[in-house]
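The block underneath contains the structure these notes are about, expressed in C-alpha cells.
Here the structure is a predicted model, which means the values were calculated and not measured. Chain A is the first sequence line, chain B the second, and so forth, proteins listed ahead of strands; every chain is numbered from 1.
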2 protein chains.
Amino acid sequence: MPAIQNIKVAVDAVVFGYTSKEGLSVLLIKRDVKPFRDEWALPGGLVGDDESLEDAIQRELKEETGIGINYLEQLYSFGQPGRDPRNRVISITYYGLVKPDAFELQANTDANDVAWYNIKKVPQLAFDHQQIIVVARERLKNKILYQPVGFELLEEKFPFSELEKLYMAVLDRPIDRRNFKKKVLKFGFLEETTEKQLLDGAGRPGNLFRFNEQKYFQLKKEGISFEI
Amino acid sequence: MPAIQNIKVAVDAVVFGYTSKEGLSVLLIKRDVKPFRDEWALPGGLVGDDESLEDAIQRELKEETGIGINYLEQLYSFGQPGRDPRNRVISITYYGLVKPDAFELQANTDANDVAWYNIKKVPQLAFDHQQIIVVARERLKNKILYQPVGFELLEEKFPFSELEKLYMAVLDRPIDRRNFKKKVLKFGFLEETTEKQLLDGAGRPGNLFRFNEQKYFQLKKEGISFEI
DNA sequence: CCAAAAGTGTTTAATATACACCCATGG
DNA sequence: CCATGGGTGTATATTAAACACTTTTGG
C-alpha cells in the first residue's frame, strides 16, 4: 500500500437518446483541451473534493452539453494505468437516457462542439471511450430484458411502433410485431389514448400510447422477464 | 471543476464462500488501524499509483486474509463524501467467490483477525461496508439467474444436493428438488460421476457431480435463463 | 425399525413462437 | 390505385409448476 497516492478521479457518461429518424444515438463532445484536443469524447471530467459522483456527472453534463438528463445509473469504473496519457485517472462511468425534447445541445466548458452520433456511426474517440460505449450498450441491451425501458427515451405520447423500433434498435435485431405488442401490453405499464399519430408520409396512423408512470416504476423495481 | 483534487482511491471486496455447514458466508477482517480500529470491515485498501484495480484488490486480499480467489468481478463504486471520516475516499468494490478448500485464513497487514461470517450474521461493520454487502448479495442473487454459478463456490466433486442448497442459500427461498435437477441437468454443464458421497450421518448417499468447465464457461458467456 | 437424505415422473397450466391478411392514410 | 405503415388472432410447441412415494444408508 502506497504511503501517498497520486490518482485523479473522473466521471464520464454515455448518454443515449432515441428518435425514429436517427435511431439509437450517443452524446459526444469535441474536446477543447489537451490531451486529445479536437477529438470526440464522452462528456465528463474530474470530481470535486466535496461533490458526490452523481452531482459531478450531472454538473459536467450541464457544463459541456447543456443537457438535462432523465435517467442516470452507474455503469463501471475504468482504472487501467495508462488509460490517460498524462496522469493516472480512474473514471467512474455512468450511462444515461434522455427524451428527444431534451436534444437541444450547447457546447460550453472544455468542449467546442457537442453532437449526437448514431450508435453504429460513432467516430474514433479519445482515451478508452470507445470501450466504455461498448460496455454501456451491452448494459442497455441486458437492462431492457429485465426492466421496462422507454419512458426515459420516448416523448410523452408515442405510437406503439415507436417503442417497437426502439427495442429493435437497442437489441439490434428484428422483433415480431404481434408478439411484442401482446407481451408489452400484458405488463400493463402502457395506456392507450384515443389520439392518433401525426404522419409525415403515407401509412395508417396509429393510436398514441403513454406510460403509466406508477406501474412503470413499480415494474422497474420488481423487475420483469422480457424474452422478446 | 477543481484546480487540484484531493481524493483517495481504494478497493474493497465482498468475498463469498459456501459450505453446507456454514451456509453462504462473507469474508471479513478486524481492522488493526484507525479509523474503526478493532471493528470488522471488508478486506481492501488504497490502490497503488501504477497498479491496476484488479491487482490492487488481489494484493489486498492476499495481504489481509491470505486467500486465493477463484472469481472476482467489479461490483460498484461508492464515493459519497463523508463515507470515510478522515478524507474523501472513493471505493471501487469487487465481489468474489472462493471454494471451501481455500478457506484457511491468516491475518496480516492492517488486520489483526480474519473470519468468515454467515451472510445472515454479519456483525456491525466499519464505513459503509454493510451497505456494500447488501449490494453484493443482491448482485449475486441476480447473477445466479442468468449465469451458471457454483463452480467457483463448490469443491471439485459434490453431491447434487450441495448445489441445490447453495442456490437456496443465495436465493434465500426453498426450491423444488425435482424441477431444479431437471432444469440444471438440461443445461449440460454438469457431469455425473459414479462416486458416492461420503456421509457424516444417516441418509442415502448421492452420486457426486462435477462441472464440465468448457460448457460451464461457454454458458457463462452466452448467459442462461434460469427461472427457478 | 426408525430417521435422514437422495432418487425419480407425470399431469396441468402458462408462455413463447410462428405466421398473413386487412385497414387507413397520403400522394 | 398504389405504396406505406398500422392493426389484429390462432394454432402449436415449449417450458414452468405442482406434487409424493421409494430407496439407501447410519444408528
Side-chain angles (χ1 to χ4, degrees), chain A residues 19-21 23 144-146 148 150 154-155 157-169 171 173-188 190-210 219 222-228, chain B residues 19-21 23 144-146 148 150 154-155 157-169 171 173-188 190-210 219 222-228:
Chain A
T19 58
S20 50
K21 241 194 267 180
I144 215 172
L145 300 175
Y146 66 86
L154 299 176
E155 297 178 81
K157 293 174 189 170
F158 52 89
F160 199 87
S161 59
E162 196 73 1
L163 187 68
E164 189 193 320
K165 283 180 216 151
L166 166 62
Y167 271 74
M168 290 196 281
L171 294 175
R173 59 178 165 89
I175 289 176
D176 181 277
R177 194 149 37 110
R178 283 174 287 188
N179 293 341
F180 180 75
K181 196 164 181 180
K182 244 184 293 176
K183 187 142 202 176
V184 170
L185 291 181
K186 199 153 57 133
F187 283 118
L190 281 186
E191 290 168 358
E192 191 163 3
T193 73
T194 53
E195 292 172 68
K196 295 235 178 295
Q197 175 184 13
L198 294 170
L199 291 171
D200 54 340
R204 174 174 172 175
N207 279 349
L208 296 181
F209 287 75
R210 90 180 117 215
L219 289 172
E222 294 172 7
I224 62 179
S225 177
F226 205 73
E227 311 275 337
I228 299 292
Chain B
T19 59
S20 51
K21 240 193 267 179
I144 215 172
L145 300 175
Y146 66 87
L154 299 177
E155 295 178 83
K157 294 173 190 170
F158 52 89
F160 199 88
S161 59
E162 196 73 1
L163 187 67
E164 187 193 320
K165 283 180 216 150
L166 165 61
Y167 271 74
M168 288 196 282
L171 295 175
R173 60 179 164 87
I175 289 176
D176 181 277
R177 192 150 37 110
R178 284 174 287 188
N179 292 341
F180 179 76
K181 195 165 182 180
K182 244 184 291 175
K183 185 143 205 177
V184 169
L185 291 181
K186 199 154 54 134
F187 283 118
L190 281 186
E191 290 166 359
E192 191 162 2
T193 73
T194 54
E195 292 173 69
K196 293 235 178 298
Q197 176 183 13
L198 293 169
L199 290 169
D200 54 339
R204 174 175 171 174
N207 279 350
L208 296 181
F209 287 75
R210 91 179 118 218
L219 288 171
E222 294 172 7
I224 62 178
S225 176
F226 205 73
E227 311 275 336
I228 298 291

- Separation of atom CE in A:M168 from atom P in D:dG5, rounded to whole Å: 12 Å
- Item | DNA chain D: 5'-proximal contact among B:E227 and A:K181 (nearest heavy atom) | A:K181
- Give a yes or no on whether the ring-centroid distance for A:Y146 and B:Y146 is below 6.0 angstrom. no
- Message: Just the rounded figure in Å: distance from C1' of D:dT15 to NZ of B:K186.
- Response: 6 Å
- 5' priority, DNA chain C, between A:N179 and A:G203 [closest heavy atom]: A:N179
- Message: Working note: B:R210 + B:L190, criterion side-chain contact (heavy atoms from CB on, under 4.5 Å); need CA distance, chi angles, decisive distance, verdict.
- Response: CA-CA 6 Å; B:R210 91 179 118 218; B:L190 281 186; over 6 Å; no
- Query: To the nearest angstrom, how far is B:E162 atom CD from C:dG7 atom P?
  - Reply: 13 Å
- Message: Just to be sure I understand the rule, does B:D176 reach a base, reach only the sugar-phosphate, or reach nothing, if contact means heavy atoms closer than 4.0 Å?
- Response: base
- Tell me which nucleotide among C:dA16, D:dG5, D:dT8 gets nearest to the side chain of A:R204. D:dG5
- Query: Is any side-chain N or O of B:K183 under 3.5 Å from a base N or O of D:dT14, one able to act as donor and the other as acceptor?
  - Reply: no
- For B:S161 and C:dA5, is the shortest distance between a side-chain N/O and OP1 or OP2 below 4.0 Å? no
- For B:L163 and B:V184, work out which heavy atoms get closest and say how close. CD2-CG1, 4.0 Å
- Nearest whole angstrom, please: distance from the P of D:dT8 to the CZ of A:F160. 10 Å
- Separation of atom CG in A:L208 from atom C1' in D:dG6, rounded to whole Å: 12 Å
- Note on the structure: Closest to the side chain of A:Q197, out of D:dG6, C:dG7, D:dG7, is D:dG6
- Task: Identify which nucleotide among C:dA3, D:dA3, D:dG6 has an atom closest to any side-chain atom of A:R177, counting heavy atoms from C-beta outward.
- Result: D:dG6
- Query: Could you give the distance from CD1 (B:I224) to CG (B:L219), rounded to the nearest 0.5 Å?
  - Reply: 6.5 Å
- Give the nucleotide from the list D:dG7, D:dT24, C:dG26 with an atom nearest to the side chain of B:P205. D:dT24
- Message: Output the rounded distance in Å from CG (B:D200) to P (C:dA5).
- Response: 9 Å
- Query: What integer distance in Å separates B:F180:CZ from D:dC19:P?
  - Reply: 20 Å
- Item | Parallel, tilted or perpendicular, as decided by the 30° and 60° cut-offs, for the rings of B:F160 and B:F180 | perpendicular
- Note on the structure: Of the listed C:dT25, D:dG26, C:dG9, the closest approach to the B:R178 side chain comes from C:dG9
- Over how many whole Å does the gap from B:L199 atom CG to C:dA5 atom C1' extend? 8 Å
- N/O (side chain, A:K182) to phosphate O (OP1/OP2, D:dG9) under 4.0 Å: no
